[in-house]
Amino acid sequence: MSKATKQPFPALPAQVDLPSVEHEVLRRWSEQKVFERSLEQTQGGPNWVFFEGPPTANGTPGVHHVEARVFKDVFPRFKTMKGFHVDRKAGWDCHGLPVEVAVEKELGLSGKKDIETFGVAEFNARCRESVLRNVDAFTAMTERMGYWVNMDEAYRTMDPEYVESVWWSLKQIWDKGLLTQDYRISPYCPRCGTTLSDHELAQGYETVTDPSVYVRFPLTSGPLAEEGRGAALLVWTTTPWTLVSNTAVAVHPGVDYVVATDGTERLVVAEPLVGAALGEGWEPTGERFTGAEMERWTYRRPFGLVEFDEPAHFVVLADYVTVEDGTGLVHQSPAFGADDMAVCRAYGLPVVNPVRADGTFEEHLDLVGGEFFKTADQKLVADLKERGLLFRHLAYEHSYPHCWRCHTALLYYALPSWYIRTTAIKDRLLAENATTNWVPSNVKDGRYGEWLRNNIDWALSRSRYWGTPLPIWEFPDGRQICVGSLKELGELSGQDLSNLDPHRPYVDDVVIPDPDADPSLPLEQRVARRVPEVIDVWFDSGAMPFAQWGAPHRNRETFEANFPGQYICEAIDQTRGWFYSMMTVSTLVFGESSYENVVCLGHILAEDGRKMSKHLGNILEPMPVMERHGADALRWFMAASGSPWMPRRVGHAALEEIVRKVLLTYYNTASFFTLYANAGQAWSHDRLADAPAPADRPLLDRWLLSELNTLVTTVDEALERFDPAVAGRALTAFVDDLSNWYVRRSRRRFWAGAETPEGAAAFATLFECLETVTLLMAPIVPFLTDHVWDALRRPDAPESVHLAAWPVADESLIDTGLSEQMALVRRLVELGRAARADSNQRTRQPLARVLVGAPGFEALPEQLRAQITDELNVLQLDPLSVVGGDLVDYSVKPNFRALGKRFGKGTPPVAKAVQAADAKALVERLRAEGGASVDVDGETVALSPDEVLVTEQPREGWAVASESGETVALDLELTPELRRAGLAREVVRLVQDARKSSGLDISDRIELWWSATDATTAQAVAEHAAAIGGEVLAATLAEGAPEGESHEVVSEDFGITLHLRRA
RNA sequence: GGGCGUAUAGCUCAGUCGGUUAGAGCGCAUCCCUGAUAAGGAUGAGGCCCCAGGUUCAAGUCCUGGUACGCCCA
């Protein structure tokens, strides 16, 4: 292509395939290393620290993963454009039970015994492989969606450096005395020999029938324990087997308990349950006690099968006791219930557990020795009955958790466990939370604050395999050492461990010899071995601010420069997960939270409003969705559709709408611009300087620039508040204004070229708006904006929009008065179109006159009035008042907003007076004198024009539309001249359609012939020949038909045949 | 059972400082406009702003209590 014909802009064809544009942009980003350069470019700028919450690399990524990843991308891009340096290190959460379960399924293993038979080393190797496989799928999705994050240097929680950092932090906590051992009640499958996670628990509920027994516990101390007439506590349980280890009875301190009798015995029950628990024939004796008064009364336990070394078997107080069912007296066995454990621990009661890990009672016990816990119920109940302790025995149907693998009834079971005493730093956590910015704000004091205020110690250990091993070594005598690094472990164990894989089983083989031990003892008694547990994966991920750098053993400075972080974001389900672990680990180790701003997203639902699940078949796979609609459409949906903090439904319909209404409208405006700028090389960047200063441009341009600069402020403020939905709504509205009002109203100026000041202004204004809106949209839809940027950018502008600076609003161009006036113009145009539609008067037919009655109309400048006449295709525009008099009806209504402000309580009578007043007289006085008065209960009240809403309507011969006190009336009388002008426009449209359908370029000149069978049409064409010819770029216009080839158009409606061809 | 959130047109959702004719999009019907557009515009049908109290001259909006649904926790 020769220089002379080179077009100023690369073409942006009207037809565009968004996904293929995105692939092209991805290629360019990679070739030009745009992400890397955006980081280099901001190297000297202030840090804005973002922490990547590592997705669990378990299973393939779903569309819900895109949600958080969009938010993780939008704000770093935004801040980068504002000059901040935003390092983005990817990360992968590698450990944990979900990985183990997936691998177990793959290998066909069931439970811990199987894993140990299979071999822990091999099992963990498979876990590692599984994680790496899924990381690849996440990487592909991450790249495709345009999430800029450094995946080449991603941290992985399974890497030795990461594990070492976690060890270091655990040692800090250990040194503070906050890492301790205690019992923990976990749902436990005795057959598989494993505890189950909450998630597993949820899959295994089954409805079963258990015994429901009411048992007498005779009192042995307290006011009711007298010899002979002693009363008994009536205690209810559905797990008779736990009565073997009964430790206490809990009552609610605030509930009233009474003694009831049937004449032979006396039983204590909660007052509201007397009838339900005892049945007919029982009368209260009048003795009553609050739960609090019963504290520490002792009783005789139901079974004497196990030994208690410490005092037990008395009444304790617990708030969780209810009077919903049972007797209001709850049997306590701390080894088998979390509530029981908490309550009994508070009283210093022992944890007695006669059930072994396989679910059977210890062999040496009488009655139930060796029996499986569940089947022991029968024998125990029979024994109670025999001894006269059983009061009632019923069947009780309820839902009870079972093992999802083998359907065995689960046991809530006390296992020794490691805890972090987070309750000791609760106040610090609350203080840190108080200074954290939560989005949306209600999470701070609501869901999250509530969780913190009810903080319980963090149960850290898991009896599993694929996790960060708890770095505690224990000597046979119970002394323990917490190890903070491999180096330290090497020194303690006397070997070089720098290349040790710090996972099980390898780390379990490392022993620490006791230098002071008697060398004659066998080796096992002279060395410390690691405790068997691994840790909760939430601790892994909560340690990422330092562990991602391997700090403090490595990269200490980098860590310190990037702590605390400014921004994290995940879905709402992370409130008690990552949001908590991130705040808590840092507060434990460093005394402060690791983040300042945290955004919690609502969940993504399927189009049918349900959760996506394989079972329901309503899963939307992210990669195919992005290939169909484009990643930008999905990104826009995630960032800007509805409220991100609420659950949202995603589906093809929603994405198609985004493509049509937002992305293509924006793109097509840019496409329009390049089409006309390129046509005859009408405009290029060097013409920017020729354009009139903004203040000297037409009002339409000044209006658009005003809207644009308002938009800059709105979008900037919204993104600063982490609210891309508000930004998105403002952008959508602006793009609509730009395309469907500014461009629509300016078409003629673009058509005419940039030679006149008006044309130069139009090109400059549209260019500036496209440039700025491209910048504003770039963080949300990085692909399409970069594609447009590349086509439109100035010669000296950065190669990518993502290397460009964020725009700053020019407030001097914001003119709110002009915005209001244009809004009025657009409302009046809508009313005019409505009036035309009502009277079936098509817009191409010019009309003589339009009348307008609306507050503010008189003040409209001529340029804005011209927009109305042009858009409505009328020759003359006048205020309704010019016809006035008897031709117009007036009605008035009170403006409550204005009146209420002034009169407050006195508003209704004034409003009534306005409604009652003679509308015409009132309006005339308001118009003539700028004020009027009405009579309110004998008093004269002065009113200003803005306190009265006036609606005026012409009486006859007009097409009228009116709304909210604004009226437009069209003169429907058509003169022959007007009819001919209308016909001429019909002809123009016919030719334009023909030009378009025959594939002519917009600037091609044509030859045009016409022949009319309708006399009026013939006259119209002859009369308007010059105008028609000019409008359709006809070099020649002749009556008749051409020789040779041409494009023919026949219109029977107008009785005309046209022929045209390229000149 | 507890905490948090949500409830507005057939569907998806806006609704500012409380202001008296509650909006948009989608869908449906009938028209209109168009030499950028896969667009745009008009009209019509479609509303117990979840229910009940309260505050207020005035409540979709603020308060209290319910109901339903969702999430988290027990």
Side-chain angles (χ1 to χ4, degrees), chain A residues 12-16 18 198 320 322 324 338-339 440 442-443 445-451 453-454 571-577 602-603 605 607 609-611 641-643 645-649 651 653-654 656-657 659-661 663-676 679 725-726 729 732-733 736 739-741 743-744 747 750-751 829-838 840-844 871 873 893-901 903-911 949 961 963-965 988-989 991-997 1000-1004 1031-1033:
Chain A
L12 291 172
Q15 302 293 314
V16 64
L18 295 178
D198 293 342
Y320 83 89
T322 69
E324 299 276 307
D339 286 327
N442 60 286
V443 181
D445 293 315
R447 187 176 284 208
Y448 187 75
E450 198 60 32
W451 161 245
R453 285 189 290 279
N454 297 319
I572 187 74
D573 54 29
Q574 296 297 330
T575 321
R576 295 168 182 213
H603 285 127
L605 303 174
E607 206 161 17
R610 295 191 284 185
K611 277 186 188 174
S641 187
S643 280
W645 347 109
M646 296 211 288
R648 291 179 294 171
R649 303 178 180 196
E656 275 161 15
E657 188 181 331
V659 168
R660 278 210 328 273
K661 298 216 77 94
L663 301 181
L664 288 182
T665 309
Y666 157 73
Y667 174 83
N668 284 323
T669 307
S671 166
F672 171 91
F673 173 80
T674 58
L675 180 69
Y676 281 95
V726 162
R729 275 196 282 276
T732 306
D736 187 68
S739 169
N740 292 319
W741 187 249
V743 170
R744 177 190 176 86
R747 241 185 234 133
F750 289 105
W751 188 215
V829 165
E830 277 179 28
L831 286 170
R833 286 200 281 240
R836 270 189 179 270
D838 257 358
N840 278 324
Q841 199 52 261
R842 50 175 41 160
T843 313
R844 275 193 298 276
E871 185 69 16
N873 195 18
K893 286 166 84 177
N895 180 350
F896 279 90
R897 186 187 277 267
L899 291 175
K901 220 161 248 165
F903 296 103
K905 258 183 203 198
T907 307
V910 179
L949 294 172
E963 191 168 318
S964 305
V988 167
R989 189 184 64 84
V991 178
Q992 302 289 40
D993 277 355
R995 284 185 61 115
K996 192 177 184 181
S997 60
L1000 291 176
D1001 190 82
I1002 50 161
S1003 52
D1004 284 338
E1031 197 75 0
V1032 302
L1033 295 185

>> My understanding is that only residues two or more places apart in sequence, or in another chain, count here; which of them pass salt bridge (Lys or Arg N to Asp or Glu O under 4.0 Å) with A/Arg576?
In response: none

>> So, using side chain to side chain donor-acceptor pair (under 3.5 Å) as the criterion, who are the partners of A/Tyr667 when residues are at least two apart?
In response: none

> How would you list, by chain and number, every residue that makes a side chain to side chain donor-acceptor pair (under 3.5 Å) with A/Arg747, sequence neighbours excluded?
Replying inline: none

>> Under 4.0 Å from OP1 or OP2 of B/A36: is there any side-chain N or O of A/Arg747 that close?
In response: yes

> Reckon A/Glu656 touches a base, only the sugar-phosphate, or nothing at all at heavy-atom distances under 4.0 Å?
Replying inline: nothing

> For every nucleotide of nucleotides 24-31 of chain B, 5' to 3': is a protein heavy atom under 4.0 Å from its base (B), only from its sugar-phosphate (S), or from neither (-)?
Replying inline: -SS-----

> How would nucleotides 64-69 of chain B be written as a contact map, 5' to 3', with B for base contact, S for sugar-phosphate-only contact and - for no contact, using protein heavy atoms under 4.0 Å?
Replying inline: ------

>> For A/Asn873, give me all partners under side chain to side chain donor-acceptor pair (under 3.5 Å), at least two apart in sequence or on another chain.
In response: A/Arg985

> To the nearest Å, how far apart are A/Leu664 CG and B/U37 C1'?
Replying inline: 8 Å

> A/Ala654: what forms a side chain to side chain contact (heavy atoms under 4.5 Å, CB included) with it, not counting sequence neighbours?
Replying inline: A/Phe637

> B/C33 P sits how many Å from A/Glu871 CD, rounded?
Replying inline: 12 Å

Please tabulate the protein-to-nucleotide N/O contacts below 3.5 Å involving nucleotides 17-23 of chain B, giving atom names and distances.
| residue | atom | partner | partner atom | Å |
| --- | --- | --- | --- | --- |
| B/G19 | O2' | A/Arg897 | NE | 3.4 |

>> Any side-chain N or O of A/Ser641 below 4.0 angstrom from OP1/OP2 of B/U12?
In response: no

>> Using a heavy-atom cut-off of 4.0 Å across all strands, would you classify A/Val991 as base, sugar-phosphate, or nothing?
In response: nothing

> How close or far is atom P of B/A42 from atom CG of A/Asn740, stated in whole angstroms?
Replying inline: 11 Å

> Looking at residues at least two apart in the chain, or sitting in another chain, which of them share a side chain to side chain donor-acceptor pair (under 3.5 Å) with A/Asp445?
Replying inline: none

>> Once you apply a heavy-atom cut-off of 4.0 Å, does A/Tyr676 come out as touching a base, just sugar-phosphate, or nothing?
In response: sugar-phosphate

>> Need to verify one output field. Residue with the more 5' nearest nucleotide on RNA chain B, A/Ile572 or A/Lys905?
In response: A/Lys905

> Of the nucleotides B/C33, B/U37, B/C11, which has the atom closest to the A/Arg649 side chain?
Replying inline: B/C11

> Tell me, what's RNA chain B's dot-bracket, Watson-Crick or G-U with both distances under 3.5 Å, | for other-strand, [ ] crossing?
Replying inline: (((((((..((((.....[...)))).(((((.......))))).....(((((..]....)))))))))))).

>> Does A/Ser739 reach a base, just sugar-phosphate, or nothing at all? Heavy atoms under 4.0 Å.
In response: base

> Can you list the residues that meet the ring pair (Phe, Tyr, Trp, His ring centres under 6.0 Å) rule with A/Tyr676, with sequence neighbours excluded?
Replying inline: A/Phe672

> Rounded to whole angstrom units, what separation is found between the CD atom of A/Glu830 and the C1' atom of B/U43?
Replying inline: 12 Å

Show the distances under 3.5 angstrom between N or O atoms of the protein and N or O atoms of nucleotides 3-5 of chain B.
| residue | atom | partner | partner atom | Å |
| --- | --- | --- | --- | --- |
| B/G3 | N2 | A/Arg447 | NH2 | 3.2 |

> Once you round it to whole Å, what is the distance between C1' of B/C13 and CZ of A/Arg648?
Replying inline: 12 Å

